[in-house]
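Any value given below was found using the heavy atoms of this structure, including those in side chains, with hydrogens, waters and symmetry copies removed. Just so you know, these numbers come straight off a predicted model, no measurement behind them. Protein chains get the first letters and strands the later ones, always in sequence-line order, with residue 1 at the start of each.
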Protein chains: 2
Amino acid sequence: MTAPLPSVRAKRARPAPRPAAFPSRARRLKEQRILEAAEPVFAEAGFGGASMQAIAERAGLPKANLHYYFGTKQALYRALLARNLDLWLDAFDHIVPERDPADALAAYVRDKMRASWERPLASKVFANEVIHGAVEIGGYLSTKLRQKVDEKVAVIDGWAAAGKIAPVDARHLFFTLWAATQTYADFDVQVCAVLDRRHLTKADLARATDHLVAFVLRGCGLTPPAACPPRTA
Amino acid sequence: MTAPLPSVRAKRARPAPRPAAFPSRARRLKEQRILEAAEPVFAEAGFGGASMQAIAERAGLPKANLHYYFGTKQALYRALLARNLDLWLDAFDHIVPERDPADALAAYVRDKMRASWERPLASKVFANEVIHGAVEIGGYLSTKLRQKVDEKVAVIDGWAAAGKIAPVDARHLFFTLWAATQTYADFDVQVCAVLDRRHLTKADLARATDHLVAFVLRGCGLTPPAACPPRTA
DNA sequence: CCGAGACCTGACCGATTGGTCAAAACATTT
DNA sequence: AAATGTTTTGACCAATCGGTCAGGTCTCGG
């Protein structure tokens, strides 16, 4: 790979087709439109299986136009990932020392389940990227994500030290929570097959959420907040 | 797509290059070798991103040879999936009515964790297939897998009715168990990043297993078998 | 030793891939 | 209206894709 390439002139060092400096409003809107078309394609086919042509068709634009805005397929893919990364960390905000552990964990699980319902494609793109080695976002995982996890692990360890929660392995607890919640987005067709559904409904996800909240709280040695609190943040 | 295709003669109805009737021992060995080369390629790149050339190189064979044995890329992919499907169901054997629920669930989790350690690539190929819609194995999911799950859900419901286990939603419990165990195979690089490891070690997986067993048993309202039973099947 | 069928593979095919480019269209400001 | 910069796109490119095939080699029963 990356063979000598007998091409007459070396690949130009990016002719800088886009200003980048001042992304006008119209420009950002169009970029957004392309990203929205790219999401389902990358989610359904993976990076390797997705084609710029397919994305272009879904966006209703000529292929060359995508290259005008994003340069390369990889850059478009990266932009799509970047758009969703921070969204990933938001749920962590529930995990703070002063909050009641049961409340905090229940809210965390509900937030992640809501994300699986509202943005399943983003989750699939992310899952794909990680499964295939996280080539593009490896740096993010081992810096920003790890820091955030370390911080929240300390909170949970604090709860455990205060006897407010069973002494779980906080890091592995997070792995379990991520996996258990995202499975409803990433592996939806498997869930559908087992539940004998054509599509997952909001009611299915609500039931899954109730199961998970109760299961996780018990797993952490916490009493589920009486019977079943129907809603509330 | 599937345009008229002005090709002179229609695609031949598979010239049947392989006998299929009597797969000789030598033949099966070679097929196995090709499948083994295909596994990491499909796992790392997905179906769309994998190329027959890449698989051929990994197997140390000319590309045409792969086509001699498997005909098409899709057939090779299907064969690879089929090889691992039944392996998938084995762990279910622990879930039987007469067994102690805590024992059975612990054994189930340990089995699935062992699979994540021993055959992570198989898990990744499977995960990929499901994420991208389970086009090839959709039938399997909604028949064999669903039946098996229904059967085991009945066992767990039986335990619950007998008061031997908390009244969990058995089907969603399985989703949680699958997700929580397979995450160590499918999302290993994410786990690595957070744990600050280059590779996951057997010790890492052992710790993860202990966490999960304890967490799951508590989650089902069962007492973890005293402190920490170090091994035993 | 021979023939027949399984096995093997270099060369090749049309289609598709990501990406380029020059010229046209459009928008702004002067 | 002229000038300047941005956006748009059809046509095109080399590379690679999955797949085919003719003709070679190998194996083995007779």
What is the distance from [atom1] of [X] to [atom2] of [N], rounded to the nearest Å?
{"X": "A/Q74", "N": "C/dG19", "atom1": "CD", "atom2": "P", "value": "8 Å"}
{"X": "A/M52", "N": "C/dG19", "atom1": "CE", "atom2": "P", "value": "6 Å"}
{"X": "B/Y69", "N": "C/dC7", "atom1": "OH", "atom2": "C1'", "value": "6 Å"}
{"X": "A/L61", "N": "D/dT9", "atom1": "CG", "atom2": "C1'", "value": "11 Å"}
{"X": "B/H67", "N": "D/dT20", "atom1": "NE2", "atom2": "C1'", "value": "9 Å"}
{"X": "B/F70", "N": "D/dG18", "atom1": "CZ", "atom2": "C1'", "value": "16 Å"}
{"X": "B/Q53", "N": "D/dG19", "atom1": "CD", "atom2": "P", "value": "13 Å"}
{"X": "A/L66", "N": "C/dC21", "atom1": "CG", "atom2": "C1'", "value": "16 Å"}

Taking 4.0 angstrom as the limit, do [X] and [Y] come out as a salt bridge?
{"X": "A/E39", "Y": "A/R119", "result": "yes"}
{"X": "B/R114", "Y": "B/D111", "result": "yes"}
{"X": "A/R83", "Y": "A/E36", "result": "yes"}

* Asked: Quick one: bend of the helix from C/dC1-D/dG30 to C/dT30-D/dA1 from 5 pairs per end, to 10°?
  ->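 Both end axes considered, the difference amounts to 0°.
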
* Aromatic ring centroids of B/Y108 and B/F92 under 6.0 Å? ->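 Between B/F92 and B/Y108, which both carry aromatic rings, the centre distance is below 6.0 Å.
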
* Give a yes or no on whether the ring-centroid distance for B/W117 and B/Y184 is below 6.0 angstrom. =>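 Here the rings of B/Y184 and B/W117 have centres that are no less than 6.0 Å from each other.
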
* Asked: Relative to B/W88, does B/K112 satisfy both conditions: NZ or CZ under 6.0 angstrom from the six-membered ring centre, and within 45 degrees of the ring's axis?
  ->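 The answer is yes, since B/K112 meets both limits relative to B/W88.
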
Between [options], which one does the side chain of [X] approach most closely?
{"X": "A/S51", "options": "D/dT9, D/dT20, C/dG18", "value": "C/dG18"}
{"X": "B/K73", "options": "D/dG19, D/dC21, C/dG19", "value": "D/dG19"}
{"X": "B/Y68", "options": "C/dA6, C/dG10, C/dT17", "value": "C/dA6"}
{"X": "B/T72", "options": "D/dG19, D/dT8, C/dC8", "value": "D/dG19"}
{"X": "A/K63", "options": "C/dT9, C/dG19, D/dG18", "value": "C/dG19"}

* Asked: Has A/R27 got a side-chain N or O lying under 4.0 Å from the OP1 or OP2 atom of D/dT6?
  ->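 Checking A/R27 against D/dT6: no side-chain N or O falls below 4.0 Å of OP1 or OP2.
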
* Look at A/K30 and D/dT8 and indicate whether a side-chain polar atom (N or O) is within less than 4.0 Å of OP1 or OP2. =>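 So the side chain of A/K30 is within the cut-off, an N or O lying under 4.0 Å from OP1 or OP2 of D/dT8.
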
* **Close side-chain approach of B/V153 and B/F174, heavy atoms under 4.5 Å** =>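 Side-chain contact under 4.5 Å: yes.
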
* **A/V213 and A/M113, any side-chain heavy atoms less than 4.5 Å apart** =>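 No, too far: nothing below the 4.5 Å cut-off.
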
* Please check if any side-chain donor atom of A/T183 sits under 3.5 Å from a side-chain acceptor atom of A/D186, or the reverse. =>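 The answer is no; no qualifying pair exists.
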
* Asked: Between A/E151 and A/Q147, do the side chains contain an N or O donor and an N or O acceptor separated by less than 3.5 Å?
  ->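 Short answer, no.
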
* Asked: What is the nucleic acid contact for A/A50, judged by heavy atoms within less than 4.0 Å: base, sugar-phosphate only, or nothing?
  ->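 Touches sugar-phosphate only.
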
Give me the distances for all protein-to-nucleotides 24-28 of chain D N/O pairs that come in under 3.5 Å?
none

